Amino acid sequence: MGNTSSMLTQYDIEEVQSHCQDLFEQQEILSLYQRFCQLDRNAKGFISSDEFLSVPEFAMNPLSLRLLKMVDGLNFKDFVAFLSAFSAKASLKQKVKLIFQVYDSDCNGKVSFKDIIEVLRDLSGSFMSDEQREQVLSQVLNEAGYTNDSFLTLEDFIKVFGSCKPEMDVEIPVD
Amino acid sequence: MFKKGAFELDCTVCPIAIKYNKIFVDAFWNSRKQSFTMHLLQLMTSWAVVCEVWYLEPQTIRLGETAIEFAERVRDMISHRAGLKKVPWDGYLKYSRPSSKHSERNSKISSDLSWKSLLAVAEIGRVLVEMICSFFVASWTGVVRYHGPRPSIRPKQVYVANHTSMIDFIVLEQMTAFAVIMQKHPGWVGLLQSTILESVGCIWFNRSEAKDREIVARKLRNHVQGTDNNPLLIFPEGTCVNNNYTVMFKKGAFELDCTVCPIAIKYNKIFVDAFWNSRKQSFTMHLLQLMTSWAVVCEVWYLEPQTIRPGETAIEFAERVRDMISHRAGLKKVPWDGYLKYSRPSSKHSERKQQSFAESILARLEDK
C-alpha cells in the first residue's frame, strides 16, 4: 500500500467534521484519513491494537494499553471524534474529559483512589514503590480538599484544572 | 490577480488548484507565441502531461469582506496549495500594452528585472532537462532530473543521501561510480551484490550483529582514507523510508574525518511509490512492481559539501546535514530511530519515561 487512499467526497468530510464538532479543518481530516488508511493494513475499517502498537511513539507511551482500550475498533469517524480533544480549538472541558476517561478505567463515571493508583502505577512503573504512590496521592487529594474515600466526577476534575488548559495540542501535518 | 466576477455571484466558491509537472512538458499555452493547434501538437508529441489537482475547502464570502478581498483569499489558498507565487499583475496585460496609469501605479516593480530572471530560470531548466538520464534501465523507464554540481572525485569525502528504495543507489550510480555500504540480501539479489557491486567496491554490514558496528566503522575509515577507492555513498538513515520523512541519521558517516557531500532524492508519487517496504514485500516483488508501473520519476539534488565545525559533535553534524537534505527534498524531519522498523521499541524506552515521571513526582514530594 502506501499510496493515498480512495478520495473522500465533500459530503464525507463534512459528516466527519460535524461529528467531531468542527474541531478539525477539512484538510486535517484528509491528512488523518490518509494516516488511518496507512495504519489499517487490510482495509478493515478500523485499526487493530497491533497496528496501533506499530507506531513507535505510541508503543513507548506508558499509558498505551489504557489508550488502546479507548480507541480499539473505532471506525474513522469515531476515531477523529476521539482525537478532537487534541485539537488546539478544543475547550478545557473536552480535554479534561479525555483525561477523566483515561483514569476512569471501569467507565462508571467516577474515579476512585484505586483508579488513580493504577494509572500512577502505569506512569511510574518500578521507579516508585506502592507506598510512595499512596503517599503522593493522599497528599494531592488532601490539598485539593478531597479524602482517600472520595469519588471524583468529571466536574471535580474540571474544577481541579481550574482555568489552565492541559497542554494537549497536536498539530496535524497538512500535506 | 483574480478577476472578481466569480466572487460576486452570491454562492459558495469551491477552489481547485492545478499544478503541472514540468519535467515532462510545459503545459502553458502561450497564445501569443503559438496557435492552439501547434500547442496541442506539442502536447501530443511530448512524452506525457503530468499534473496534480487539489479540491480545496469550499469558501463563502465573509461578513464585511469585499469581492476583491474574497478573491484574494481564495487566490492565497490556491497559490499555497499548488506552490505558485502570487504576483499583483493583471492577466489582461498580456493582450494590450499597459496604459500610463499602470506605470504610475507600478513604479515599484522593476518589471525588467523580473523578466530577466524568468529567462535565466528557463535556461537552467532546459539544460537540466537535457541531462535526463537516458541510460536508466529500460525496464522501469526512469525519468530523473539532476540538480547541482556533479560530484567531483576527491579524497577524504563521503556522500550521504536519504533512502527510499534500492533504486536510489542505481539512480545515483549512473551519474557517478560510487562505492557503497550495504546489507547483504538473501537470494538472487545477494548474488548480484557479490558479483557486480564488488567491482565498484562495497562494504558489507549486518544489522543484527551487535559487534558488527566496530568492524564496519573501521572498514569505512580505511576506505575513505585510501586514494584509489571510489567515493563512498552512505545512507545514514540505515533503512528505507517512505520519502515523506527523514528519520534520525546514524552518526557513523559523520565521524570519518572527511567532507560530507549531501544528496537529496525525491520521487514523484504520481507514477509509482518507490518506497520499498521490506516488511511487506520482497525485493523481487518490489522490482516487478516498479517495472510494471508506468515510470519512476525522481529529482536528485547534489548539495554543498559540508565539514564538521569546531566544537560540533558528530550527532549535531548529522542533524545539520539532515536539515539540508530534508529541506531540499521537501521531507519532514522526525526524531525516530529507523531501526524501530525492525523491532518493537524495547521496554527501556517506556521505562525511561516512567523514570523521569517518577523522579519529578518524588522531587515534589521531598519539597513539601
Side-chain angles (χ1 to χ4, degrees), chain A residues 1-4 7-14 17 22 24-31 34-35 38 41-42 50 52-65 119-129 131-140 142-143 171-175, chain B residues 12 14 52-59 77 80-81 164 240-245 247 269-277 279-281 289 293 330 332 334-362 364-366 368:
Chain A
M1 246 202 148
N3 293 327
T4 47
M7 276 185 77
L8 291 176
T9 66
Q10 187 61 31
Y11 284 135
D12 293 330
I13 298 194
E14 280 168 9
Q17 201 176 21
D22 279 0
F24 285 124
E25 304 282 334
Q26 296 193 0
Q27 295 294 331
E28 291 176 320
I29 294 178
L30 261 174
S31 297
Q34 275 177 14
R35 189 63 177 129
Q38 275 174 5
R41 299 231 181 101
N42 7 24
D50 206 52
F52 269 117
L53 288 172
S54 72
V55 179
E57 299 283 356
F58 185 81
M60 287 194 249
N61 188 331
L63 293 175
S64 53
L65 292 177
V119 175
L120 259 183
R121 199 173 289 138
D122 285 342
L123 287 171
S124 52
S126 54
F127 298 93
M128 275 174 85
S129 69
E131 286 130 18
Q132 282 172 317
R133 284 190 273 262
E134 284 178 22
Q135 193 189 349
V136 165
L137 186 52
S138 301
Q139 201 159 30
V140 165
N142 250 307
E143 280 177 25
E171 193 195 307
I172 301 193
V174 167
D175 211 3
Chain B
T12 319
C14 308
E52 303 208 59
V53 173
W54 293 273
Y55 295 99
L56 305 173
E57 188 173 338
Q59 303 292 317
M77 287 176 70
H80 176 79
R81 184 68 268 214
T164 301
C240 291
V241 187
N242 67 7
N243 210 225
N244 285 331
Y245 302 93
V247 296
K269 284 188 210 260
I270 289 189
F271 290 93
V272 75
D273 190 351
F275 170 47
W276 172 38
N277 189 341
R279 324 227 63 216
K280 260 189 114 173
Q281 48 182 196
Q289 192 188 313
S293 72
K332 294 187 199 85
V334 284
W336 303 338
D337 174 3
Y339 280 5
L340 284 177
K341 229 173 75 172
Y342 300 102
S343 53
R344 284 291 152 82
S346 70
S347 50
K348 71 172 186 211
H349 288 105
S350 45
E351 272 167 24
R352 218 176 288 152
K353 296 195 180 204
Q354 286 174 328
Q355 187 175 9
S356 66
F357 176 80
E359 275 167 13
S360 68
I361 295 283
L362 290 173
R364 210 95 59 83
L365 198 64
E366 260 153 60
K368 305 263 173 197

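Only a predicted model underlies this, so the values are computations on that prediction, with no experimental measurement involved. Values below: all heavy atoms of this structure, side chains included; hydrogens, waters and symmetry mates excluded. First the proteins, then the strands, lettered A, B, ... as listed; each starts at 1.
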Problem set entry | Closest non-hydrogen atom pair between A:Pro62 and B:Ser350, with its separation |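 Nearest heavy atoms, A:Pro62 then B:Ser350: CG-O, 4.1 Å.
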
For this session: Please name the pair of heavy atoms, one in A:Gln27 and one in B:Glu57, separated by the smallest distance, quoted to 0.1 Å.
Result: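 A:Gln27 and B:Glu57 have their closest heavy atoms at NE2-N, 4.3 Å.
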
Problem set entry | B:Phe357 CZ: over 12 foreign heavy atoms closer than 6.0 Å |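 Count over threshold, so yes.
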
For this session: Could you tell me which portion of B:Glu351 (side chain, backbone, both or neither) has an atom closer than 4.5 angstrom to a non-hydrogen atom of chain A?
Result: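 Both parts, backbone and side chain.
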
Exercise. Under the 3.5 angstrom rule, does the side chain of B:Gln355 hit a backbone N or O of A:Phe127 as a donor-acceptor pair?
Worked result: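 Here the side-chain-to-backbone pair does not exist.
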
Exercise. If you round to the nearest 0.5 Å, how far is CE of A:Met128 from CD1 of B:Ile361?
Worked result: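 Nearest 0.5 Å value for the CD1-CE distance: 6.0 Å.
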
Problem set entry | Beyond-backbone contact of A:Asn61 with B:Lys353, side-chain heavy atoms, under 4.5 angstrom |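 No; the side chains remain at least 4.5 Å from each other.
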
For this session: Would you check if B:Gln354 and A:Leu123 make a side-chain contact, meaning some heavy-atom pair closer than 4.5 Å?
Result: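 Side chain of B:Gln354 against side chain of A:Leu123, heavy atoms only: no contact under 4.5 Å found.
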
